[in-house]
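Structure first, then comments.
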Amino acid sequence: KLPHVHSLIYYQGKQSPYPYSKDVWSMFPKDYPAASLLSPIFIDLGQLSDETLLTHRGTGAAEIAFKHIHEKNLLPYTDILATSMRNLDDNTTRIVLQYVLQASSELDQGKSQKFIEELAAKLPQQEGTIMSIIDQLSKKKIREIALKMRENGINLDTIKACTGID
């Protein structure tokens with residue numbers, strides 16, 4: 001016999017509270033076979049305070065990141081994000097940092113740089129991890145730019161000279 005499975009469904013949309021039915025099973029046929037095995041729990045992060053999310057220990061950091069990821073400026077959330085990550089294991093911290101830093105890299109360059117600097121200052125034990133992720137994101141951006149240059153017919157030698165890619 002299979003064990004009972006509880007699925008957490010996080011809603012992080014801009015509109016909160018969630019404007020539709022939270023009954024996940026209404027999206028499936030009545031005789032859906034997994035219905036007897038799964039018990040989805042719907043969580044609207046916009047309805048929970050950051051302080052409440054902080055009490056969620058292992059998942060709190062990810063929940064706070066999910067909740068604020070659509071913000072145009074993550075700087076006001078640096079303290080709460082850093083606080084939520086202080087006692088996580090290295091792997092979980094890296095995952096949350098990758099998620100947050102990827103999102104911040106898509107923001108205004110000045111705000112993104114300030115956010116990264118403040119986060120690194122508040123998490124000195126993770127500075128190496130933060131810099132490693134930033135380096136990976138930078139290399140990814142450079143590759144994307146090189147591909148766009150190539151698609152636009154720019155000479156390969158010029159692309160190599162501009163991007164440093166071999």
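None of these values were measured; they are calculated from a predicted model.
- One N or O on the side chain of T83 and one on the backbone of D79 form a donor-acceptor pair closer than 3.5 Å.
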Check residues 143-161 and write down every donor-acceptor pair under 3.5 Å in which the side-chain atom is one partner and the other belongs to a residue at least two apart or another chain.
residue : atom : partner : partner atom : Å
N152    : ND2  : K148    : O            : 2.8
N155    : OD1  : D157    : N            : 2.6
N155    : OD1  : T158    : N            : 3.3

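- For the residue pair S132 and R94, the shortest heavy atom distance occurs at OG-NH2, 3.7 Å.
- Residues L88 and R57 share a closest heavy-atom pair of CD2-O, 4.0 Å.
- Between V96 and I64 there is no side-chain heavy-atom pair separated by less than 4.5 Å.
- Looking at Y10 and T59, their side chains come closer than 4.5 Å, going by heavy atoms from C-beta outward.
- Annotation for H70 and Q12: closest pair CD2-O, 3.2 Å, computed over non-hydrogen atoms.
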Practice task
Just do the salt bridge (Lys or Arg N to Asp or Glu O under 4.0 Å) check on K139 and D135 with the steps written out, would you?
Solution key: CA-CA 6 Å; K139 287 176 181 172; D135 186 50; 3.2 Å; yes

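- As a member of the Ile/Leu/Val/Met/Phe/Trp/Tyr network built from side-chain separations under 4.5 Å, I95 groups with nothing else and remains a singleton.
- Residues A120 and I130 come closest through the heavy atom pair CA-CD1, 3.7 Å.
- In this structure, the side chains of F115 and L81 come closer than 4.5 Å at one or more pairs of heavy atoms.
- For the pair L123 and A82, the tightest heavy-atom approach, listed with the atom from each and the gap, is CD2-O, 3.6 Å.
- Using a 4.5 Å cut-off on side-chain heavy atoms (C-beta onward), L119 and L97 make contact.
- Nearest heavy atom pair, residue E63 against residue H56, reads OE1-ND1, 2.6 Å.
- The pair K114-E118 counts as a salt bridge, with a side-chain nitrogen and a carboxylate oxygen less than 4.0 angstrom apart.
- At a threshold of 4.5 Å between non-hydrogen side-chain atoms, the residues D90 and Q126 count as touching.
- By the 4.5 Å heavy-atom criterion applied to side chains, Y99 and I69 are counted as neighbours.
- Using a 4.5 Å heavy-atom cutoff, the side chains of Y11 and P19 are in contact.
- Rounded to the nearest 0.5 angstrom, Q47 CD and T52 OG1 are separated by 11.5 Å.
- Looking only at side-chain heavy atoms (C-beta outward), Q102 and I133 stay at 4.5 Å or farther from each other.
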